[in-house]
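Heavy atoms only: backbone and side chains are in, while hydrogens, waters and symmetry mates are out. Along the sequence shown, the residues carry numbers beginning at 1. All values derive from a computational prediction rather than experimental measurement.
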Amino acid sequence: MPHTSPSSATASPAASSRDLPAPGGLCAIHQPNLFPRLTTLAKLFAADYWIVLDDVQFTRRDYQHRARLAGLDDPARQQWLTIPTHLPSGRSTLIRDALIDEAALARRRTESMLRQHYGSSPHWPALGGALGPVLDAFSTGRTATVAEISTRLLLALLGWPGRILTSSDLPARPGRSQRLADLAAATGARAYLCGTGGMTYLDPAPFAEQDIAVASFQPPATGIWSTGRRISALWALSALGPQAVAARFHTLAAAPQAMLKTVARPRPPLPRARDVPLKVRRGSPQARHVNGR
């Protein structure tokens, strides 16, 4: 698989079936998070491809526009880094449509806070030197773009060779679990990698109907992982360095990757939505969306 680049444009897999990854891999689906937490980043790293869930409702209490930064020498000392975000359609605004308030000011504050927290790290030259695409993304005015590129940056620093796709480019039916299963099926995945939070609500039936196994991603709770569900992975990368963190991620990814050898043969990717629309009631919002109207 081609190496991901933090500065490259988001893949558009619906454009052609040839743009989809080879069937049979491990799929993770997650909203774009700003400099994601260690456990979130580790889950994406363990997958063969990440589907960016950009067409669901923006949630202010989540991590789509903010990250909890931990002090380099004292991870218990924490501070929120937040991108001021305007929701044009109020609470119903989709993640991809959220807008940055005062983008130039938000960029300067982001750069300043990152340097303040991690500029004294011996690994800052590599980390700080790679921040350019993230800071440049503020000019788009889109919170989701900055968040996605921040995740691409961290994955690239760790040497992740996977593919990144976007949910809004793939066919999927409504319903929380059904939608995730359809997105995974559109890539020809053999297994869907689910975090501990998602396992509390996930219905495995839509996945079983499409011969997709569900793998639970369960990171440790000790060492650097003790705060991994709360603070940004930037702390671990600054304290330990990308190579040390990548080594831990590779160890953690071994279990779900081994699972692929025990599940059924891969299904071929689904056709494009515009070629084979989903079976929905004529005139419904879903029908208009799938058929591009």
Side-chain angles (χ1 to χ4, degrees), residues 4-15 19-21 27-37 40-41 43-44 47-67 82-83 85-101 103 106 133-134 136-156 160 162-187 189 192-195 197-198 270 272-274 278 285-286 288-290 292:
T4 186
S5 169
S7 60
S8 63
T10 303
S12 180
D19 292 332
L20 290 168
C27 171
I29 304 172
H30 206 280
Q31 302 95 328
N33 281 186
L34 180 66
F35 296 111
R37 295 162 291 165
T40 300
L41 191 65
K43 182 184 76 169
L44 300 181
D48 296 302
Y49 29 89
W50 165 35
I51 298 179
V52 182
L53 196 61
D54 71 334
D55 54 355
V56 296
Q57 184 176 313
F58 183 94
T59 305
R60 286 199 180 275
R61 298 184 65 182
D62 210 333
Y63 294 87
Q64 295 146 20
H65 69 312
R66 61 181 187 166
T82 303
I83 297 178
T85 298
H86 168 64
L87 305 182
S89 301
R91 295 180 61 183
S92 64
T93 301
L94 301 182
I95 290 175
R96 67 187 180 196
D97 297 325
L99 303 176
I100 303 172
D101 275 335
V134 181
D136 291 344
F138 278 88
S139 64
T140 67
R142 302 276 175 176
T143 300
T145 301
V146 176
E148 180 185 335
I149 292 180
S150 77
T151 304
R152 286 175 173 265
L153 159 70
L154 301 188
L155 288 171
W160 182 66
R163 285 283 308 277
I164 300 176
L165 304 96
T166 306
S167 63
S168 54
D169 289 331
L170 298 171
R173 289 166 285 184
R176 192 180 239 183
S177 296
Q178 182 66 65
R179 188 161 188 269
L180 295 176
D182 286 348
L183 289 173
T187 67
Y192 167 64
L193 190 59
C194 185
L270 297 178
R272 292 180 295 170
R274 65 172 66 94
L278 298 173
Q286 292 88 353
R288 291 193 295 271
H289 172 73
V290 167

Validation row: [X], [Y] side chains within 4.5 angstrom (heavy atoms):
X	Y	result
Ser167	Ile29	no
Glu148	Asn33	no
Tyr63	Thr40	no
Lys43	Leu193	yes
Thr151	Pro32	no
Trp160	Leu44	no
Arg96	Val52	no
Thr85	Arg60	yes

What distance do [X] atom [atom1] and [Y] atom [atom2] have between them, rounded to the nearest 0.5 Å?
X	Y	atom1	atom2	result
Gln57	Thr93	CD	OG1	8.0 Å
Asp48	Thr187	CG	OG1	9.5 Å
Ser168	Leu94	OG	CG	9.5 Å
Trp50	Leu165	CH2	CG	10.5 Å
Phe138	Ile100	CZ	CD1	5.5 Å

Can Asp54 and Thr166 be counted as having a side-chain donor-acceptor contact under 3.5 angstrom?
-> no
Nearest heavy-atom pair of [X] and [Y]: which atoms, and what distance?
X	Y	result
Leu41	Pro36	CD1-CG, 4.1 Å
Arg142	Asp97	NH1-CA, 3.4 Å
Ala98	Leu87	CB-CD2, 3.9 Å
Cys27	Ala47	C-CB, 4.2 Å
Ala137	Ile149	CB-CD1, 3.7 Å
Ser89	Ser92	O-OG, 2.9 Å

Ile51 backbone acceptor or donor facing Arg163 side chain under 3.5 Å = no
Any donor-acceptor pair under 3.5 Å from Gln64 side chain to Ala144 backbone = no
Across all chains, not counting sequence neighbours, the side chain to side chain donor-acceptor pair (under 3.5 Å) partners of Asp62 are none
Across all chains, not counting sequence neighbours, the ring pair (Phe, Tyr, Trp, His ring centres under 6.0 Å) partners of Phe58 are His65
Counting only heavy atoms not in Arg176, do more than 12 sit closer than 6.0 Å to its CZ atom?
-> no
